[in-house]
Amino acid sequence: MTNEFSLHWFRQDLRLSDNPSLNYLSQKHKRIVCVFIYDEVNCNRKLGSASKTWLHYSLLYLNNKLDNNLLIFKGNPESIFLDLIKQNKITEISWNRCYEPWRVERDKLLKKTLSKHVEVKTFNGSLLWEPWEVLKADSTPYKIFTPFYQRGCLTKQPPRKPISNNFSFFNHKIKSLSVNGLKLLDNMGWENKVVNHWEIGESFAEKQMNNFLKEGLGDYSHGRNFPNKLNVSRISPYLHWGQISPNTLWYNAEKLQQDVETINIDIFKSELGWREFFYNLMFHFPNIQSKNLQNKFDKFPWDSNDEFLKSWQKGLTGYPIIDAGMRELWKTGYMHNRLRMITGSFLVKNLLLHWQHGEKWFWDCLFDADYASNSASWQWVAGTGTDAAPYFRIFNPITQGKKFDPEGEYIKKYVPELKNIPHKYLYTPWECPSEILSEINLKLGVDYPFPVVDIKLSRAKALKAFSILKK
DNA sequence: CCTGGAGTTGTCCTA
DNA sequence: TTAGGACAACTCCAG
C-alpha cells in the first residue's frame, strides 16, 4: 500500500507552530495527515454559539493552510479512527492533551483501544505545567493561587521553550466532510455580526500577540484595569483554541525584559499562571462547573427572577457600567476583564442570582469560552471557589465606573443613549434632573431603564443572605 | 500535630 | 480631604 501515513488529531491546538505532537510526527515520518473531529459524545457541555463560530472560521483557516488536506469528521472519534485504520496504512497517531473531564476520560479509553492497532502518543500542547505535576508536598492539589504559582509552578523546571517547524503534509485522497458540512453556523444570526470584530486564525493570534507586546505590555499592571485602554492582551480566544501556545506568550513576554518594567512582565506571566491554576483546579475538581467548591454555599438562598436575568443579559439594568460590559459581550463576543468582575459581582451579589446563570450566558457568548477558566472565574466572583473573593467584597457599579472609566468613554461607546448626559450624571442617570433630561431628549424608563435594583438595599440583602452561611 | 502568617482585583465609615 | 480600619472568620500552606 502506498497510502502509508501518520495521523495528527487536532483538537484545541489549532496551530502549526510550537505544536509538540506535529513536531514529533514530523521528525519520525515523512507523511502526515491531520484530522479534526467534531465530537459531542458524552460531552457534558456542548460548544456555545460563539465557540462554534470561532471554530468554523478556525477550521477554514487551518484547512487552507494545509492545502485542503484537513480531514474533517463529525461523530465518535473511536469509530472514526478505527475506520481510518482499517482503510489506510496508518503508522502512528498522536495528539496534544485536553483536560476537560469528559475529554480526559474519552482520550484514556481511546488511547487504550487504538494502541491495539497503531502506536499512539500524546503530548502537552496547551499548558505550561501539567496539572498532575503541580501538587503540594503531601501530593494533594493546591487550592490557593499564590502558593500554587510561586511554590508549585515557579520552583519547577521552567516551561518548555517554543519550537518552530515547517511541515509538509501528505496530499491524501481520503474523503471527509467539508468545514461547512459540520453546520457550525447553522443559526445564521447573532454570530455572523459579532464575528466581524475578530480575525480568526493562527497568524492573527501572532499578530495580536505582537501588537500587545508592543503597545499593551509596557503599562500592563496599571492599564489592564481600564476597559477603554488597550493594555489587555485580548488573546484569550486564540489561547483557548491553541492558535497560540502559552509557551510562546510566556517567552516572548520574557524577552522584553530590557524594554519593559519587570512588574508588567511578571503580572502578565501570572495571568498565564491563573490559567494554569484554573486547569489545575478543573483537573483535580472535575465538578467545577456544576458544584460549589465550597459546599456551604449549597444552601445559599439564591433568588430566581427571569426579569432580572434578562435585564442583565441584555445590558438593561440601568447601571451604565454594567450595561456597557454586557453589551460589549453581546456586540463583540468579548468582555474586558474588569467588566467581567463588575458584571459578575452584580449578577451574584446585587441581583442575587446563581453564578451558574452567568456561567451559562458567558459560555454561550464568549469567543474565549473555556470550561476551566469560565467555571473557576465565576466561582471566584461568587465567593464559592476555593480561593475566592470574600463574600463581603461587593463591587459598587457606580464607584467602579467612575474609577475605571473616568472619562466615560467606554460607557458611551456601548451605551450610546447616554452620550449627551452631563458627565456628572453618567454613572447615575436616575439622579439627573428632569429638565436636563428633557433638554437632551432622554426619557428614563423609555430610552434607558431605571435601575432594576437599588445598590444599597440589594447589597444589604446579599450580606444578610450570606450571613446565614456562617458556622 | 502545632503554629503562625497569609489570602487577585473592594467598600464604607470614621476620625 | 484622606488615610486607616472594619468587614468575618476560616482554611490553606509550609516549616
Side-chain angles (χ1 to χ4, degrees), chain A residues 134-156 219-227 229 231-233 236 263-278 280-281 284-285 292-297 300 319 321-322 325 335-350 355 372-374 376-406 410 427-428 454-471:
Chain A
V134 184
L135 296 169
K136 289 182 293 181
D138 66 357
S139 301
T140 62
Y142 282 99
K143 293 179 167 181
I144 304 293
F145 173 72
T146 305
F148 165 83
Y149 182 60
Q150 298 293 341
R151 189 57 89 100
C153 297
L154 293 185
T155 60
K156 283 227 158 22
D219 190 32
Y220 186 69
S221 82
H222 174 73
R224 75 197 186 93
N225 286 303
F226 297 82
K229 291 188 177 180
N231 288 102
V232 293
S233 73
S236 45
I263 175 110
N264 294 307
I265 295 174
D266 285 349
I267 291 187
F268 178 65
K269 282 167 142 185
S270 82
E271 294 301 318
L272 293 173
W274 274 93
R275 177 173 175 273
E276 300 287 313
F277 183 52
F278 294 153
N280 193 279
L281 285 178
H284 295 287
F285 305 95
N292 296 313
L293 291 175
Q294 290 183 49
N295 54 22
K296 71 175 179 191
F297 277 89
F300 185 86
Y319 288 98
I321 195 74
I322 304 287
M335 196 195 294
H336 186 280
N337 174 253
R338 168 65 43 181
L339 271 298
R340 296 190 197 200
M341 291 190 290
I342 305 174
T343 58
S345 171
F346 188 80
L347 180 81
V348 172
K349 297 178 181 181
N350 293 107
W355 60 266
S373 298
N374 195 40
S377 298
W378 272 100
Q379 296 232 27
W380 180 86
V381 165
T384 64
T386 53
D387 177 15
Y391 75 77
F392 56 82
R393 187 175 293 161
I394 300 174
F395 287 71
N396 181 322
I398 303 160
T399 315
Q400 288 282 314
K402 288 179 181 166
K403 205 165 165 186
F404 295 110
D405 186 27
Y410 178 78
Y427 307 94
T428 51
D454 178 273
I455 275 302
K456 275 204 163 71
L457 292 178
S458 59
R459 181 180 195 272
K461 193 177 165 193
L463 286 173
K464 200 177 164 199
F466 279 114
S467 72
I468 71 157
L469 302 182
K470 277 181 220 162
K471 194 166 57 144

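As the structure is a prediction and not an experimental result, all values here were calculated from the model.
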#### Entry: All stems with DNA chain C, defined as three or more consecutive Watson-Crick or G-U pairs under 3.5 Å
B:2-7 with C:10-15, B:10-15 with C:2-7

### Message
Taking the side chain as everything from C-beta on, heavy atoms only, tell me whether A:K143 gets closer than 4.5 Å to A:D387.
### Response
no

### A:R275 to A:F278 six-membered ring, cation-pi geometry met (6.0 Å, 45°)
no

### Query
Just checking A:F395: base, sugar-phosphate only, or nothing, at a heavy-atom cut-off of under 4.0 Å?
sugar-phosphate

### Query
When the distance from CZ of A:F277 to P of B:dG7 is rounded to whole Å, what number comes out?
13 Å

### Query
Is A:D138 touching bases, backbone alone, or none of the nucleic acid, heavy atoms closer than 4.0 Å?
nothing

### Query
Looking at A:R459, does any N or O in its side chain come under 4.0 Å of the phosphate oxygens OP1/OP2 on C:dC7?
no

### Task
For A:I394, answer base if it contacts any base atom (sugar-phosphate contacts may also be present), sugar-phosphate if it contacts only those atoms, and nothing otherwise; contact means non-hydrogen atoms under 4.0 Å.
sugar-phosphate

### Query
Quick one: is A:N396 getting a side-chain N or O under 4.0 Å of the B:dG10 phosphate, OP1 or OP2?
no

### For A:S377, all residues meeting side-chain hydrogen bond (donor to acceptor under 3.5 Å, both in side chains), sequence neighbours excluded
none

### Message
At less than 4.0 Å, is any side-chain N or O atom of A:Y149 found next to OP1 or OP2 of C:dC13? Yes or no.
### Response
no

### Task
Write down the distance separating the P atoms in C:dA8 and B:dC12, rounded off to the nearest Å.
14 Å

### Query
Can A:N225 and A:R338 be counted as having a side-chain donor-acceptor contact under 3.5 angstrom?
yes

### Query
Rounded to whole angstrom units, what separation is found between the CD1 atom of A:I321 and the P atom of B:dT9?
19 Å

### Task
Check whether the aromatic ring of A:W274 stacks on the base of B:dT8, taking stacking as ring centres less than 5.5 Å apart and planes within 30° of each other.
yes

### Task
Determine the contact category for A:Q294: base if any of its heavy atoms lies under 4.0 Å from a base atom, sugar-phosphate if only primed atoms, P, OP1 or OP2 are that close, otherwise nothing.
nothing

### Message
Using ring centroids (six-membered ring only for Trp), state whether A:F300 and A:F466 fall under 6.0 Å.
### Response
yes

### Query
Atom CZ of A:F346 to atom P of B:dT9: distance rounded to whole Å?
22 Å

### Message
Before we go on, tell me: are the rings of A:F346 and A:F395 under 6.0 Å apart, centre to centre?
### Response
no

### Query
Could you state the CG-P distance from A:N337 to B:dG10, rounded to the nearest angstrom?
12 Å

### Query
Between B:dT9 atom C1' and A:D387 atom CG, what is the distance in whole Å?
12 Å

### Query
Over how many whole Å does the gap from A:L135 atom CG to C:dC13 atom P extend?
11 Å

### Task
Could you tell me whether the phosphate oxygens of B:dT9, OP1 or OP2, come under 4.0 Å of any side-chain nitrogen or oxygen in A:R393?
yes

### Query
Expressed as a whole number of Å, how far does the P atom of C:dC13 sit from that of B:dT8?
10 Å

### Task
Please check the phosphate of C:dC13 (OP1 and OP2 only) for any side-chain N or O of A:Q150 closer than 4.0 Å.
no

### Message
Distance alone, cut at 3.5 Å: any donor-acceptor contact between the side chains of A:T140 and A:K136?
### Response
yes

### Query
With sugar-phosphate meaning primed atoms plus P, OP1 and OP2, does A:R151 contact a base, only sugar-phosphate, or nothing at under 4.0 Å between heavy atoms?
sugar-phosphate

### Query
Parallel under 30°, tilted from 30 to 60°, perpendicular over 60°: which one fits the rings of A:F145 and A:Y149?
parallel

